[in-house]
Amino acid sequence: MSDPFLSDPFATELFFADVEPGENQRWSTWPAVTPTERGPEPWPDWVVTSAGALDTELGILKTGKEADVFLLERAVPDDPAQRTILAAKRYRSAEHSSFHRSAVYTEGRSTRNTRDTRALAKKSSHGREVAAAQWSFAEFEALCRMWELGAPVPYPVQVNGTEVLMEFLGDAHGTAAPRLAQVRSDRAELAGFYDQVVEIMRVFAAAGFAHGDLSAYNLLVHDGRVRVIDLPQIVDIIANPQGLDLLHRDCVNICDWFTRRRVERDPEELFAELLAASYA
């Protein structure tokens, strides 16, 4: 009888690997996640799928209200062709999070099973973990959907518990792309950025969604293109009772920011445009 361990190509690759994870390293978690927890196919060429890859933490990129983002290298030892840099977003459990507005965004959402629903209601330790994982899966699913619709979001590589691995928007040395709020541009360039932001909002609205927390701080400018990040709070405009209010707030936030920089834009006009897109 053949050895089932040796018949598994992933296991075989790990079995014969001649290295062991060092400090701040782990084996790639890609083989451990199910197909539904991996990004949309076809996978980009730069996605490393080998079970012989190591994940190496390179440092922290950003701390946030509900999650921290780390820089991660996923690479096969001694194979330069199989190396990529990823952003690893890790959600904190409720007791370690300073994000207290989640109920506004989660109205209209459902949990994956009744046990999780009961745990959330009881606020047990399992419930707190479920709550954190809800945010990671919500962001992963939103990234997948928007990627497939052509929105300029980071490619979602995988989700594993409370961690989302996604495309790193930055250079090969690990320097992240600047937020729109950090970019120094003239009026003409800013007007072009505004048009790009509106197109992003239009893609969301046409699919029935609003970002829900859009600002110049979760829009990045990478290679001249505006990219949108931080999607865990994405809201269904119809299913969420506050969906239209959150869409309107996004319009006000964006138009006010650009208007303060002498690119005058009308939030009510933008709101009307996006409403029309959502009902088209």
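- Looking at Asp171, its side chain does come within 3.5 Å of a backbone N or O of Gly174 through a donor-acceptor pair.
- A distance of 6.0 Å or more separates the ring centres of Phe204 and Phe209.
- Cluster annotation: Trp30 is connected to Leu72 through the hydrophobic network of ILVMFWY side chains, with a link wherever side-chain heavy atoms come within less than 4.5 Å.
- Between the side chains of Arg74 and Thr49, not a single donor N or O lies within less than 3.5 Å of an accepting N or O.
- In this structure, the side chains of Trp257 and Ser215 stay at 4.5 Å or more apart for every pair of heavy atoms.
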Side chain to side chain contact (heavy atoms under 4.5 Å, CB included) between Met166 and Val157, intermediate numbers included: CA-CA 5 Å; Met166 66 189 81; Val157 174; 5.5 Å; no
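- Side chains of Arg261 and Phe258 form no contact here, defined as non-hydrogen atoms less than 4.5 Å apart.
- Checking each of Val197, Leu270, Leu274 against Arg202 for a side-chain contact (heavy atoms from CB on, under 4.5 Å) leaves exactly one that passes, namely Leu274.
- Val47 and Leu165 fall within a single hydrophobic cluster, where Ile, Leu, Val, Met, Phe, Trp and Tyr side chains are chained together by heavy-atom contacts under 4.5 Å.
- Side-chain contact between Asp256 and Asn253 is absent, with no heavy atoms from C-beta onward closer than 4.5 Å.
- When side chains are defined from C-beta on, Ile200 counts as touching Pro152, because their heavy atoms get closer than 4.5 Å.
- The line from OG1 of Thr56 to CZ of Arg83 is 9.5 Å long, rounded to the nearest 0.5 Å.
- Rounded to the nearest 0.5 angstrom, Cys251 SG and Leu214 CG are separated by 9.0 Å.
- Here the rule is salt bridge (Lys or Arg N to Asp or Glu O under 4.0 Å) with Asp68, and of Arg90, Lys89, Lys62, Arg92 only Arg92 fits it.
- In this structure, a donor-acceptor pair under 3.5 Å is absent between the side chains of Glu163 and Asn160.
- Using a 4.5 Å cut-off on side-chain heavy atoms (C-beta onward), Leu231 and His211 make contact.
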Chi angles and distances behind the side chain to side chain donor-acceptor pair (under 3.5 Å) call for Gln158, Thr29: CA-CA 9 Å; Gln158 67 176 76; Thr29 54; 2.8 Å; yes
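- Under a hydrophobic-cluster definition in which Ile, Leu, Val, Met, Phe, Trp and Tyr are linked whenever side-chain heavy atoms come within less than 4.5 Å, directly or via other members, Val153 and Trp43 are assigned to the same cluster.
- Using a 4.5 Å heavy-atom threshold, the side chains of Asp223 and Arg225 count as separate.
- Checking side-chain atoms of Glu73 against main-chain N and O of Leu86 turns up no donor-acceptor pair under 3.5 Å.
- Contact record, Arg265 with Ala191: NH2-CB, 3.9 Å, taken as the closest heavy-atom pair.
- Contact check for Phe70 versus Leu61: no side-chain heavy atoms found under the 4.5 Å cut-off.
- Between Leu149 and Met146, the closest side-chain pair of non-hydrogen atoms falls below 4.5 Å.
- Hydrophobic clustering places Met201 together with Val226 (ILVMFWY residues linked when any side-chain heavy atoms are closer than 4.5 Å, directly or through intermediates).
- Put simply, the side chain of Gln182 gets close to the backbone of Arg179: a donor and an acceptor are under 3.5 Å apart.
- Note that CD1 of Ile254 and CG of Leu180 are 7.5 Å apart. Values are rounded to the nearest 0.5 Å.
- Hydrophobic clustering (side-chain heavy atoms under 4.5 Å, transitive across Ile, Leu, Val, Met, Phe, Trp, Tyr) groups Leu143 together with Tyr155.
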